[in-house]
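In what follows, a single structure is set out as structure tokens and then discussed.
Being a predicted model, the structure only gives us computed values, none of them experimental.
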Amino acid sequence: MDTQKYRAFVLAVDLGSFSAAAEELMFTPSGVSHMASAVEDEVGLTLLRRGRNGVALTSSGEQMMPMIRNLVRSEEAVKQQASAISGLASGSVTIGAYSSIASQWLPGIIKEFREKYPGISIRLLEGVRDEIEQWMADGRLDFCMFSYREGTDLEWIPLKDDPMYVAVSKSHPFADRSSVRPEDCAGQPFIMPGRDHDPDVVDLLKRFSVDVDIEYTTIENYSAISMVECGLGISIMNELITKGFRSDTVLVPFDPPQRINLGIGIRSMKAASPAARGLIRFIRDKFSA
């Protein structure tokens with residue numbers, strides 16, 4: 001079955017324009033536009049709104065998109081399974097991950113994996129938790145890497161516990177302490193990362209019934225670190241976030257110690273493509289070695 005036009009359609013939607021999709025597929029924008037039109041002709045519906053700023057799904061497109069993604073994914077799974085049976089490693093995998101995982105863990109892992117399996121392409125999308133969960137729900141991702149939360153409907157593969165700290169400037173009274181109780185953060189000027197709602201931080205504060213005075217919010221944790229360093233407030237973050245970021249920020253451990261579990265979330269390991277399963281096993285083996 002030829003699903004090339006459906007692949008082009010999905011990529012144009014994900015990237016927001018025919019030009020961006022054409023660049024990745026090495027086609028012309030008009031070629032991608034023609035393939036998207038062919039999809040609409042085939043299903044008999046107008047699926048895209050076209051404008052100067054790119055393309056977006058119509059209401060009909062939003063209803064059809066999950067099925068179109070499944071169609072593309074099914075053909076990819078057939079190709080990958082055939083490759084696995086014949087002993088050839090090929091396919092593609094799309095991962096969604098926290099920026100800390102994407103910058104600290106995945107570059108080396110992807111490099112080693114691609115050296116071993118050069119026929120498998122890997123696409124990485126960075127985002128905050130809400131974005132990653134939405135991408136999983138939309139079917140954009142084969143699997144994701146973030147922190148565990150109770151009640152998730154994803155299969156969970158734990159990789160590593162990561163300690164949580166209070167981040168303060170060198171001049172802050174907490175800087176000379178060996179530990180800080182969660183309750184000590186109450187009333188402190190607070191910098192909240194994760195677009196005003198970092199779930200790991202919010203869960204910790206709720207667990208200890210701590211109300212903080214949120215003075216600033218940031219998209220990136222690295223922005224929060226810089227603001228803490230300048231004495232604009234305190235923040236809470238896990239250790240991995242701070243790796244590779246040079247600053248005068250002081251990380252003070254909690255008493256009792258607090259941590260999050262970082263790992264892999266996937267809809268179904270059994271139903272995953274051979275390439276996705278292979279990459280997941282590769283990642284898991286790296287952390288169990």
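Partners of Glu155 by side-chain contact (heavy atoms from CB on, under 4.5 Å), not counting sequence neighbours, listed by chain and number: Ile266, Ser268, Met269. With sequence neighbours left out, Asp161 forms a side chain to side chain donor-acceptor pair (under 3.5 Å) with Asn261. When the side-chain contact (heavy atoms from CB on, under 4.5 Å) test is applied to Pro189, the partners found at least two apart in sequence or on another chain are Glu215. By the side chain to side chain donor-acceptor pair (under 3.5 Å) test, Glu131 is found to be paired with Arg195, residues two or more places apart in sequence or in another chain being considered. Among residues two or more places apart in sequence or in another chain, the ring pair (Phe, Tyr, Trp, His ring centres under 6.0 Å) test is passed with Phe254 by none. Considering only residues two or more places apart in sequence or on other chains, Glu23 meets the salt bridge (Lys or Arg N to Asp or Glu O under 4.0 Å) condition with none of them. Applying the side chain to side chain donor-acceptor pair (under 3.5 Å) test to Arg177 and every residue at least two apart in sequence or in another chain returns Asp184.
The salt bridge (Lys or Arg N to Asp or Glu O under 4.0 Å) contacts involving residues 91-111 comprise Lys111-Glu115, where partners must be two or more places apart or lie in separate chains. Residues in residues 199-209 take part in these side chain to side chain donor-acceptor pair (under 3.5 Å) pairs, two or more places apart or across chains: Ser147-Asp200, Arg149-Asp203, Arg207-Gln258. Among residue pairs with one or both ends in residues 132-143, those qualifying as salt bridge (Lys or Arg N to Asp or Glu O under 4.0 Å) are Asp14-Arg140, Arg129-Glu133; sequence neighbours excluded.
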Output side-chain donor-acceptor pairs under 3.5 Å for residues 99-106, partner residues at least two apart or in another chain, one line each.
residue	atom	partner	partner atom	Å
Ser99	OG	Glu220	OE1	3.4
Ser103	OG	Ser99	O	2.9
Ser103	OG	Ser100	O	3.3
Ser103	OG	Tyr222	OH	3.4
Gln104	NE2	Lys243	O	2.9

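For Asp211, the CG atom is loosely surrounded, since the number of other residues' heavy atoms within 6.0 Å does not exceed 12.
Nearest approach of Ser178 to Pro253, heavy atoms of both residues: O-CG, 3.2 Å. The two atoms that bring Ala12 and Phe18 nearest to each other are CB-CD2, 3.9 Å, heavy atoms only.
Other cluster members for Leu232: Ile191, Tyr216, Met227, Val228, joined by side-chain heavy-atom distances under 4.5 Å among Ile, Leu, Val, Met, Phe, Trp and Tyr.
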Glu239 and Arg259: CA distance, side-chain angles, deciding distance, salt bridge (Lys or Arg N to Asp or Glu O under 4.0 Å) verdict: CA-CA 9 Å; Glu239 185 175 63; Arg259 58 184 60 86; over 6 Å; no
